[in-house]
Amino acid sequence: MKYFIRFDLRKIPEEEAEVLICGSGIGGLSTAIYLKELGLNPVILTRGIGNTYYSQGGIAAAILPDDSPYLHYCDTLRAGRYLNNEVNTRILTYEGAQRIVDLERFGVNFDKRNGVYETILEGGHSKPRVLKVKDYTGREIYTKLLQKVRELNIPILEGELQEIITEECQVVGILYTEGSSLKFIRSKQVVLATGGAASMFFHTSNPKKVRGDSIGTAFRQGANVKNPEFVQFHPTVLENSNLLISEAVRGEGALLVNDRGERFVNELLPRDVVARAIYNQLKEGRKVFLDFKPIVEKGIKIEERFPTIYGYLKERGIDPYKELVPVNPAAHYYIGGVEVDDSGRTAVSGLYAVGECSCTGVHGANRLASNSLLEGVVFGYRTAYQIFLERNYLKIPEGYLNIKNEKEGDKKPSFDIAELKRLMWEKVGLEREEAGLREAREKLISWLEEGESWERTPENRQLYDILLVALCTVEGALSRRESRGTHYRRDFPEERESFRRDTVITKDFF
């Protein structure tokens, strides 16, 4: 269906924005700042704090004298199993250092020693190129960008995107809810910066508000979804929680051991390898722990280097100086997303996407650690400039827009989000195979067919759009009959050169 929410634009209060940005992570905030610096007047719509705030590890960029963008590029291709969009990966790695300068210009204070960046090594990197602010890099970036947005008097609306309104495949605005009120913002240029969809799995590191449903919302309007089968599972999330224990902990020397005290994997291998190694230990009935002792033996004080992690471990009665820390893998980063070009443009005129909800192709089949924050600011910059260039070419009708959706429904869903999460974890998780994927597809299709008669509430719209993203993920996993990066098929355990190509799912796919 094109629209889920029932509406008539002639009867809804209307606002206007020169450019509307949905989302307030590093992608959305940086895009807004660059637009304002170009002389445009963006408006931000947000439903709250997203993943950027919770990012611990850091942001990767080749800034040291013995490093180079080319080495960063090569490391990114290697981690992505050579499925990366090479042009966009060059843009990411070669423009990254300039955007680091911008972040400092916007107020971000990266850790330095004697005036020199204090960078660390993370898994998959050949150089210690990850800039950090202790273990709360994302919080520092989010806070300083938000402060800059406020200094520039960029309006921020609290609300939730419900529908992207289009006419002849051209954006004319969006519907959003503020409390129980449905409102319309007319805008010819809309940027999605709403985060990824890893929260549709039972074990996840994502906060509850980051749901990935807007990928489905855009898909209904004709945006393509690219490489949805690639979902990165973070190896080390605190057992029975969504609290992530950063890659940087292993970078500083922490070891992974099982309940026999055995070390079973090189901790600095790419995340998909480490996550599956832990998953297989758990399948064998073992428990897995992070051992902080090697960090302590190096003379590093955990509470100073990792204050956030130390704080929430202590809150849960775990002393990393004395105890092993129980961990398990969890869905962390959605590598696929709305297909965009090198300037954030989607298949829908006037609709752009940045950050984790987009797929630029820079991560290939597996994201290199700490490249995601860099992607947000690098492509936020490029998207802002593209919006500026296109602003006079995009037109929308003046006066009342006679667009409405009169479809009704009176049914309630026969399942809840928890059931969807369990299905995705069990059938579309770290290890996949044909029978389980087909079972998941059959169930998702039946739920989507049921959704045609649901009540037209925002809650049901969210669930419907998450189902769309889940189905795209399953279809991608079924079509990729190989194992590559984060996508592991037990029935096709090897990479196959014939599958070194992107999966692009269009609205007409199903």
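Atoms considered below: every heavy atom in the structure, side chains included; atoms not considered: hydrogens, waters and symmetry mates. Note that the structure is predicted; figures quoted are calculated from it, not measured.
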Using atom types as modelled and distance alone, determine if a side-chain donor or acceptor of Thr194 lies under 3.5 Å from a backbone N or O of Gly23. no
Set out, in order, the CA-CA distance, both residues' side-chain angles and the distance that settles side-chain contact (heavy atoms from CB on, under 4.5 Å) for Arg129 and Ile63, then state yes or no. CA-CA 7 Å; Arg129 64 170 66 94; Ile63 55 159; over 6 Å; no
Given side-chain contact (heavy atoms from CB on, under 4.5 Å), test Leu313 with Glu323 step by step and report yes or no. CA-CA 11 Å; Leu313 289 178; Glu323 303 170 68; over 6 Å; no
Using 4.0 Å as the upper bound for N to carboxylate O, is an ion pair formed by Arg441 and Glu475? yes
Go through the side-chain N and O atoms of Asn227 and Asp502 and say whether any donor and acceptor fall under 3.5 Å apart. yes
How long is the straight-line distance from NE2 of His125 back to OG1 of Thr76, given to the nearest 0.5 Å? 7.0 Å
Residues, nucleotides or ligands: over 12 heavy atoms within 6.0 Å of Glu262 CD: yes
Side-chain atoms of residues 358-367: list all donor-acceptor pairs with protein atoms under 3.5 Å, sequence neighbours left out, distances to 0.1 Å.
| unit_1 | atom_1 | unit_2 | atom_2 | d |
| --- | --- | --- | --- | --- |
| Ser358 | OG | Gly355 | O | 2.7 |
| Thr360 | OG1 | Val362 | N | 3.3 |
| Thr360 | OG1 | Glu375 | OE2 | 2.7 |
| His363 | NE2 | Tyr333 | OH | 3.2 |
| His363 | NE2 | Glu375 | OE1 | 2.8 |
| Asn366 | OD1 | Gln232 | NE2 | 2.7 |
| Asn366 | ND2 | Asp272 | OD1 | 2.4 |
| Arg367 | NE | Gln232 | OE1 | 3.3 |
| Arg367 | NH1 | Ser372 | OG | 2.9 |
| Arg367 | NH2 | Gln232 | OE1 | 3.0 |

Cationic tip of Arg481 within the cone over Phe499's six-membered ring, i.e. under 6.0 Å and within 45° of the normal? no
Find out whether Leu157 and Leu45 are in side-chain contact, i.e. whether some heavy atom of one side chain is under 4.5 Å from a heavy atom of the other. yes
Can you confirm whether more than 12 heavy atoms, excluding those of Tyr321, are under 6.0 Å from its OH atom? yes
Between Ile44 and Ala32 the two heavy atoms that sit nearest each other are CD1-CB, 3.7 Å
Which atoms form the tightest heavy-atom contact between Asn206 and His332, and what is the distance? ND2-O, 3.1 Å
Looking only at the side chains, is there a donor atom on one of Ser214 and Asp465 sitting less than 3.5 Å from an acceptor on the other? no
Just wondering, do Lys134 and Glu140 contact through their side chains at under 4.5 Å, heavy atoms? no
State whether the number of non-hydrogen atoms from other residues, nucleotides or ligands found under 6.0 Å of Lys322 atom NZ is greater than 12. no
Please indicate whether Lys36 has more than 12 foreign heavy atoms, meaning atoms of other residues, nucleotides or ligands, lying under 6.0 Å from its NZ. yes
All heavy atoms of Ile318 vs all of Pro326, minimum pair found to be CD1-CD, 4.2 Å
Would you say the side-chain atoms of Asn258 and Gln281 include a donor-acceptor pair closer than 3.5 Å? yes
If I take atom CZ from residue Arg150 and atom CG from residue Leu146, how far apart are they, to the nearest 0.5 angstrom? 4.0 Å
Verify whether one side chain among Tyr34 and Asp102 offers a donor that lies under 3.5 Å from an acceptor in the other. yes
Assess whether salt bridge (Lys or Arg N to Asp or Glu O under 4.0 Å) is satisfied between Glu239 and Lys287, documenting all intermediate values. CA-CA 10 Å; Glu239 189 179 66; Lys287 292 195 73 171; 3.4 Å; yes
Do Leu478 and Glu434 touch side chain to side chain, with heavy atoms closer than 4.5 Å? yes
One should read off an interatomic distance between Phe379 CZ and Arg382 CZ, to the nearest 0.5 angstrom, of 6.5 Å
Can you tell if the side chain of Ile300 reaches within under 4.5 Å of the side chain of Val296, non-hydrogen atoms only? no
Please walk me through it: do Glu160 and Gln462 pass side-chain contact (heavy atoms from CB on, under 4.5 Å)? CA-CA 10 Å; Glu160 181 163 355; Gln462 291 166 15; 3.0 Å; yes
Are the side chains of Tyr117 and Asp111 in contact, using a 4.5 Å heavy-atom criterion? no
Would you find a donor on one side and an acceptor on the other, under 3.5 Å apart, between the side chain of Arg105 and the backbone of Val101? no
A side-chain contact here means heavy atoms from C-beta on lying under 4.5 Å apart; do Asp213 and Val469 qualify? no
Stepwise, does the salt bridge (Lys or Arg N to Asp or Glu O under 4.0 Å) test hold for Lys298 with Glu252? CA-CA 9 Å; Lys298 286 166 67 175; Glu252 291 286 14; 3.7 Å; yes
So which heavy atom on Ile245 is nearest to which on Phe292, and how close? CG2-CZ, 4.4 Å
Just verifying a value: how many Å separate Ile26 CD1 and Leu373 CG, rounded to the nearest 0.5 Å? 5.0 Å
Can a side-chain donor-acceptor contact be found between Thr473 and Tyr334 if the only test is distance below 3.5 angstrom? yes
For Val249 and Ile295, work out which heavy atoms get closest and say how close. O-CD1, 3.4 Å
Whether Arg480 side chain and Arg489 backbone form a donor-acceptor pair below 3.5 Å: no
Which pair of heavy atoms, one from Ile59 and one from Phe110, lies closest together, and at what distance? CG2-CE2, 3.6 Å
Validation row: Ile156, Val149 side chains within 4.5 angstrom (heavy atoms): yes
Side chains of Glu229 and Thr503 only: does a donor on one sit below 3.5 Å from an acceptor on the other? yes
Counting distance only, does the side-chain N/O of Thr486 pair as donor-acceptor with the main-chain N or O of Phe230 below 3.5 Å? no
Is there a salt bridge (Lys or Arg N to Asp or Glu O under 4.0 Å) between Glu303 and Lys301 once you walk through the steps? CA-CA 6 Å; Glu303 66 273 24; Lys301 291 185 177 179; 5.6 Å; no
Check ion pair Glu118-Lys132 (N to O, under 4.0 angstrom): yes
Crowded around Arg113 CZ? As in, over 12 foreign heavy atoms under 6.0 Å? no
To the closest 0.5 Å, what do you measure between CG (Asp135) and OG1 (Thr308)? 3.5 Å
Checking side-chain polar atoms at under 3.5 Å, does Tyr82 have a donor or acceptor matched by the opposite partner on Glu497? no
Does Glu86 come within less than 4.0 Å of Arg90, counting only side-chain N to carboxylate O? no
Can Ser205 and His234 be counted as having a side-chain donor-acceptor contact under 3.5 angstrom? no
Is there a side-chain contact between Arg139 and Thr52 (heavy atoms, below 4.5 Å)? no
Go through it in stages, so that I can follow the logic: the residues are Thr46 and Glu158, the test is side-chain contact (heavy atoms from CB on, under 4.5 Å), and I'd like the CA-CA distance, side-chain angles, deciding distance and then a yes or no. CA-CA 5 Å; Thr46 179; Glu158 296 283 340; 4.2 Å; yes
Do Phe233 and Phe201 have ring centres separated by under 6.0 Å? yes
Closer than 4.0 angstrom, basic N to acidic O: yes or no for Arg81 and Glu482? no
Examine the side chains of Asp75 and Ser126 and answer whether a donor and an acceptor come within less than 3.5 Å of each other. yes
Working to the nearest 0.5 angstrom, can you tell me the gap between Asn88 CG and Glu95 CD? 10.0 Å
